[in-house]
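So the structure is just underneath, and the comments pick up after that.
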Amino acid sequence: MTINWQAEAEKYQDDLLKDLFELLKINSERDVEHKTDAAPLGPGPAKALQAMLALGERDGFKTLNVDNVAGRIEYGAGEEIFGLFGHMDVVPAGPGWVTDPFEPVIKDGKLYARGSADDKGPSIAAYYALRLIKDLGLPVNKKIHFIIGTDEESAWVGINRYLEVEPAPDFGFSPDAEFPIINGEKGIATFAVHFKPIAAKPAGLTLRSFKSGLRVNMVPQTATAEIEGSFPDALIAALESFGPDHGVQIESTTEGNRMTITLTGKGAHAQEPKAGVNAATYLATLLAPFDFDPAGHRYLTTLADLMHDDSRGHKLGINYTDKVMGDLTASADLLTFSQDGEQSIMVNVRYPQGTDADTIRDQIETAVGADAADVSVLGHAQVPHYVPVDDPLVQTLLGVYTKQTGNPGHEVVIGGGTYGRIIERGVAFGAQMPDQENVMHQANEYMPVADIIKSVAIYAEAISELVK
Ligand code: ZN
Ligand code: ZN
């Protein structure tokens, strides 16, 4: 039987949009302040999960709800389990929306709503692919488990709970990224550098405090230092010239012998620190040449000498490149210094296969000096994940993608983390098209309706190939 996948997918457009609108109207951001026993991550994630499972029930699939934090829609029978991994939670709407983020609207063929591209739109595309396979009665010789998480944007509570109590699929993909594919994801670890006490000594300037960064996975946009002492002319001159010289903004206010300096760079996701301008390391570079107290001097020079303008970690001695997975990246993202309190730097590292978190920890400690600081891994490291390009899973997905779009298929390794890494033979596949701007997590998030329908067609053929 020859199937026109695109034509079959188009038949579902009205039904699909109606279901998707229902899901998008639910604000399903993590909201543990309002958690209940029936909604452990807050009311929204549980409600969206139940709505998704209700679609499965309606259409005659078997469904399972795991503690209202994860779920499954099931089809087919066989020895092996093929998995699909989507999520029903969203990141907070945030400011800057032209329309109501939870009142979906279609303008110029684009569906605007929080979650349209990440991940309710792609998830519903994968779901309708299953419906298409079922409605056409195509051969299915494996169990298909469509697994739905509700905490992908935070701590993965839902999916982790699911895997504690339900079997992991043998292979599968997550429709929560982009085409052509993501078959490799670097390891992710955050290293906490905590400085040890140091003997005081008179100096011209004292670093009272230094603060920068919001999250361990974001390059800091602003940094603020409070300094005290008598300010040399060279510092006053540097405050004038440093901004224009380095393309950053500097503001300072002075009150008697105290000065507060704020530097603004550019925030970015830590998976590619080069996309940002790290406000903390720039501010440290501006201040480090001056005569600071020992603790302040050590803190500023560590940042300026070992972490500034060095996204590949050469100065820390952690640089590493794998010919398939690419470069290790490093980013000083969360910085806290007070003269009498905590003095720490959190360094977020994305590393390819061939090195590991313990090795990197040792290397950072050697660079900073074991006398100066303790270095530890914050939480637990996520190890690198890679499914070889010649794996039949990858080959099948790329083949279908190329056949249906005419675009070349090739392997892609990223520094981020998707549900693709949950199982050994897991990848991320779509649904963002290569010519499409990435609007996930942004205000006015949208997904072109045509891309949702195209994804149904691609997913249906790909799943059908993999389970026949
Ligand atoms: Zn997502
Ligand atoms: Zn996301």
Side-chain angles (χ1 to χ4, degrees), residues 20 23-24 26-31 41-42 44-45 48-49 51-52 69-71 83-94 96-97 101-102 104 111-127 129 146-160 162-163 172-179 181-186 188 214-219 267-272 275 348 350 382 385 412 414-423 426-433 436-448 451-452 455 459:
L20 178 53
L23 297 174
L24 292 169
I26 303 166
N27 178 352
S28 52
E29 69 178 275
R30 185 187 231 261
D31 181 17
L41 299 165
L49 171 68
M52 185 71 223
V69 293
L84 291 161
F85 310 94
H87 66 90
M88 282 296 125
D89 56 312
V90 293
V91 292
W97 283 80
F102 300 107
L111 170 53
Y112 289 86
R114 171 57 83 225
S116 53
D118 180 17
D119 182 44
K120 290 170 179 169
S123 287
I124 206 83
Y127 173 72
F146 183 3
I147 298 162
I148 301 143
T150 60
D151 193 35
E152 198 274 345
E153 302 292 2
S154 301
W156 290 25
V157 164
I159 200 76
N160 289 337
Y162 180 92
L163 292 171
F173 70 80
S174 172
D176 188 23
E178 49 201 81
F179 291 118
I181 200 166
I182 288 164
N183 60 313
E185 300 178 12
K186 291 177 193 172
I188 305 173
L214 299 172
R215 291 166 70 167
V216 292
N217 62 359
M218 283 170 69
V219 177
H269 196 293
Q271 66 176 279
E272 183 39 276
N348 189 257
R350 314 274 165 145
Q382 295 195 51
H385 176 75
V412 180
I414 61 165
T418 79
Y419 276 170
R421 66 163 67 232
I422 287 169
I423 53 173
V427 299
F429 184 53
Q432 187 189 304
M433 293 291 171
Q436 172 62 37
E437 62 173 332
N438 186 344
V439 290
M440 297 183 194
H441 298 199
Q442 296 179 19
N444 305 306
E445 174 183 349
Y446 70 88
M447 184 155 178
D451 287 0
I452 301 175
S455 301
Y459 289 157

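Atoms within each ligand, like the ligands themselves, are counted from 1 in listed order.
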Exercise for the section: Quick one: report the N, O or S atom of Asp118 that is nearest to the Zn ion (ligand 1). Expected result: OD1
Exercise for the section: Please round to the nearest 0.5 Å and tell me the distance separating atom CD1 of Ile414 and atom CD1 of Ile182. Expected result: 4.0 Å
Practice task
Fit a plane to each ring of Tyr459 and Phe179, take the angle between them on a 0 to 90° scale, and name the class: parallel (under 30°), tilted (30 to 60°) or perpendicular (over 60°).
Solution key: tilted
Practice task
Verify the distance test for Glu153 against the Zn ion (ligand 1): any N/O/S atom under 2.8 Å, yes or no.
Solution key: no
Completion exercise
Heavy atoms of Arg114 and Phe102 approach each other most closely as CB-CE2, 3.9 Å
Problem - Heteroatom test (N, O or S) for His441 near the Zn ion (ligand 2), limit 2.8 Å - result: yes
Practice task
Tell me, please, if Asp119 has any N/O/S atom, main chain or side chain, under 2.8 Å from the Zn ion (ligand 1)?
Solution key: no
Handout entry: His87 and Asp118 side chains, donor-acceptor separation under 3.5 Å
Key = yes
